[in-house]
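Reviewing the structure listed below.
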Amino acid sequence: RSTLFPYTTLFRSLELFLKRFISLLLCVSMCTVFFTGVGSQKTYAREQYWIKVNKYANVATVYKREKGRWAPVRAMLTSCGGYSTPSGNFHIQGKYRWKVLKDNVMGQYCTRIVGSILFHSVWYYPGGGYHRQNSKEFNKLGRTASHGCVRLAVMDAKWIYDNCGGGTRVTIYSSRNPGPLGKPEPIKVRGSIGWDPTDPHLGNPRFRMRKQLQRSEERRVGKECRS
């Protein structure tokens, strides 16, 4: 017994070591798969769309990667904040369906660019409600008006929220040239409070105005294609 005891202890120690070593390998393998997957999703998101925000002209142009090149596919009116809106290259970090903004007002379809700077709809009065948007601020789209965020019509804020994942590149710059697709015509609404006319919500009585703009945009694109 005394002769076998050291060997028995050695075998048990070796068995315990192997079990711990195998567990460590499995853990490392799972971590590698997880982080590789996250990285590939972010890379894909960055490569699919690129949003360029011209804070001087208050226009955002979306580019899509097609056949190895970036092609402009969408232009959107914005209200930036002038010097309060930072210039540079950023990547989308998070999203919020509704979010409390400065002075306790609300925003729809909020997408974080950097720090406290977001893409979001024109703001709504505290208490929420789709019919409680500040219409006067909506009529400022295309002009500098925000505290630093990039305001958009609901339809455009929703498009970014739905289509641009985490890691999507965002470039904010200043130029007198609005961009390759030009500056969209603004929609104007009456009154001081009401629905965003581009909001696709089923209860929106103003949504027909967006259809008029779409027809106008289709005619403009058709003319460009023929020229």
Side-chain angles (χ1 to χ4, degrees), residues 45-66 69-95 101-102 107-123 133-134 136-189 196-198 210 213-214 216-221 223-225 227:
R46 291 184 188 137
E47 291 180 350
Q48 189 174 15
Y49 291 109
W50 181 3
I51 307 171
K52 295 186 179 182
V53 180
N54 184 340
K55 65 179 182 177
Y56 180 87
N58 282 291
V59 176
T61 304
V62 179
Y63 293 76
K64 185 175 183 180
R65 194 172 185 85
E66 297 178 343
R69 59 182 291 271
W70 291 103
V73 294
R74 186 185 185 95
M76 304 176 285
L77 283 180
T78 69
S79 282
C80 298
Y83 292 109
S84 299
T85 302
S87 298
N89 292 301
F90 312 98
H91 294 95
I92 285 176
Q93 301 174 8
K95 299 181 180 184
L101 306 173
K102 186 178 175 64
Q108 279 203 77
Y109 299 108
C110 304
T111 300
R112 188 175 302 282
I113 303 170
V114 59
S116 62
I117 306 301
L118 313 169
F119 289 115
H120 64 73
S121 69
V122 174
W123 58 266
Q133 188 181 77
N134 186 312
K136 291 182 179 179
E137 294 298 316
F138 177 86
N139 287 338
K140 292 179 182 179
L141 284 173
R143 293 181 285 159
T144 299
S146 78
H147 293 101
C149 289
V150 181
R151 295 180 188 172
L152 299 151
V154 164
M155 184 199 67
D156 294 326
K158 183 178 186 301
W159 189 91
I160 292 175
Y161 183 92
D162 290 342
N163 293 281
C164 298
T168 297
R169 191 189 320 180
V170 179
T171 298
I172 302 177
Y173 68 103
S174 295
S175 173
R176 293 182 181 275
N177 182 352
L181 299 181
K183 188 170 184 174
E185 290 294 324
I187 300 174
K188 300 297 182 181
V189 294
D196 183 309
T198 72
R210 183 61 210 168
L213 184 67
Q214 286 176 332
S216 175
E217 180 68 12
E218 288 170 0
R219 287 196 296 270
R220 183 186 68 80
V221 172
K223 288 180 181 178
E224 291 178 355
C225 291
S227 61

Open item on the list: Rounded at 0.5 Å granularity, tell me how far OG in S146 sits from CD1 in I117.
Closed with: 7.5 Å
Task: Partner set under side-chain hydrogen bond (donor to acceptor under 3.5 Å, both in side chains) for S87, not counting sequence neighbours - done: K55
- [ ] Answer yes or no: are there more than 12 heavy-atom neighbours, outside Y173 itself, under 6.0 Å from its atom OH?
- [x] yes
Task: Nearest-0.5 Å distance, NZ of residue K140 to NZ of residue K188 - done: 10.5 Å
- [ ] State, yes or no, whether a side-chain contact exists between W159 and L152 at a heavy-atom distance under 4.5 Å.
- [x] no
Open item on the list: If you compare all heavy atoms of L118 against all heavy atoms of R112, which two are closest, and at what distance to 0.1 Å?
Closed with: CD2-CA, 3.4 Å
Open item on the list: For a quick test of reading the model, state the closest non-hydrogen atom pair linking C149 to S116 and the distance between them.
Closed with: SG-O, 3.5 Å
Open item on the list: Quick check for you: to the nearest 0.5 Å, what is the distance between T171 atom OG1 and H91 atom NE2?
Closed with: 8.0 Å
Open item on the list: Using only atom types and a distance under 3.5 Å, with no angle test, would you say the side chain of D196 pairs donor to acceptor with the backbone of A153?
Closed with: no
Task: Heavy-atom closest contact (N58 atom, T144 atom, distance) - done: ND2-N, 3.1 Å
Open item on the list: In the structure I gave you, are the side-chain heavy atoms of Q133 and V154 within less than 4.5 Å of one another anywhere?
Closed with: yes
Open item on the list: Give me the atom names and distance for the closest heavy-atom approach of L181 to V73.
Closed with: CD1-C, 3.8 Å
- [ ] Looking only at non-hydrogen atoms, find the nearest pair between C164 and I51 and report the distance.
- [x] SG-CD1, 3.9 Å
- [ ] Could you check if a side-chain atom of W50 sits within less than 4.5 angstrom of a side-chain atom of V62, using non-hydrogen atoms only?
- [x] no
Open item on the list: Run the side-chain hydrogen bond (donor to acceptor under 3.5 Å, both in side chains) test against N139 and tell me which residues pass, sequence neighbours left out.
Closed with: none
Open item on the list: Using 0.5 Å steps for rounding, measure from the CZ atom of F138 to the CH2 atom of W123.
Closed with: 14.5 Å
TODO: Any chance you could measure S121, atom OG, to L101, atom CG, to the nearest 0.5 Å?
DONE: 7.5 Å
TODO: Quick one: pull up CD1 in I113 and CZ in F90 and give me the separation to the nearest 0.5 Å.
DONE: 8.0 Å
- [ ] May I ask you to test the M76-I160 pair for a side-chain heavy-atom distance under 4.5 Å?
- [x] yes
Open item on the list: What I'd like to find out is whether the side chain of C110 reaches to under 4.5 Å of the side chain of Y161, using heavy atoms alone.
Closed with: no
Task: H120 vs Q108, side chain to side chain contact (heavy atoms under 4.5 Å, CB included): CA-CA, chis, key distance, verdict - done: CA-CA 6 Å; H120 64 73; Q108 279 203 77; over 6 Å; no
Open item on the list: For a 4.5 angstrom cut-off between non-hydrogen side-chain atoms, does F119 reach V170?
Closed with: yes
Open item on the list: If you define the side chain from C-beta out and look only at heavy atoms, does anything of C80 sit under 4.5 Å from V53?
Closed with: yes
TODO: Locate the shortest heavy-atom distance separating S79 from R143; write the atom from each residue and the value.
DONE: OG-O, 2.9 Å
Task: Counterpart residues, salt bridge (Lys or Arg N to Asp or Glu O under 4.0 Å), relative to K158 (two or more places apart) - done: D162
Open item on the list: Could you check whether any side-chain heavy atom of P186 comes within less than 4.5 Å of a side-chain heavy atom of L141, counting everything from C-beta outward?
Closed with: no
Open item on the list: Run D156 and R74 through side chain to side chain contact (heavy atoms under 4.5 Å, CB included) and show every step you take.
Closed with: CA-CA 9 Å; D156 294 326; R74 186 185 185 95; 2.9 Å; yes
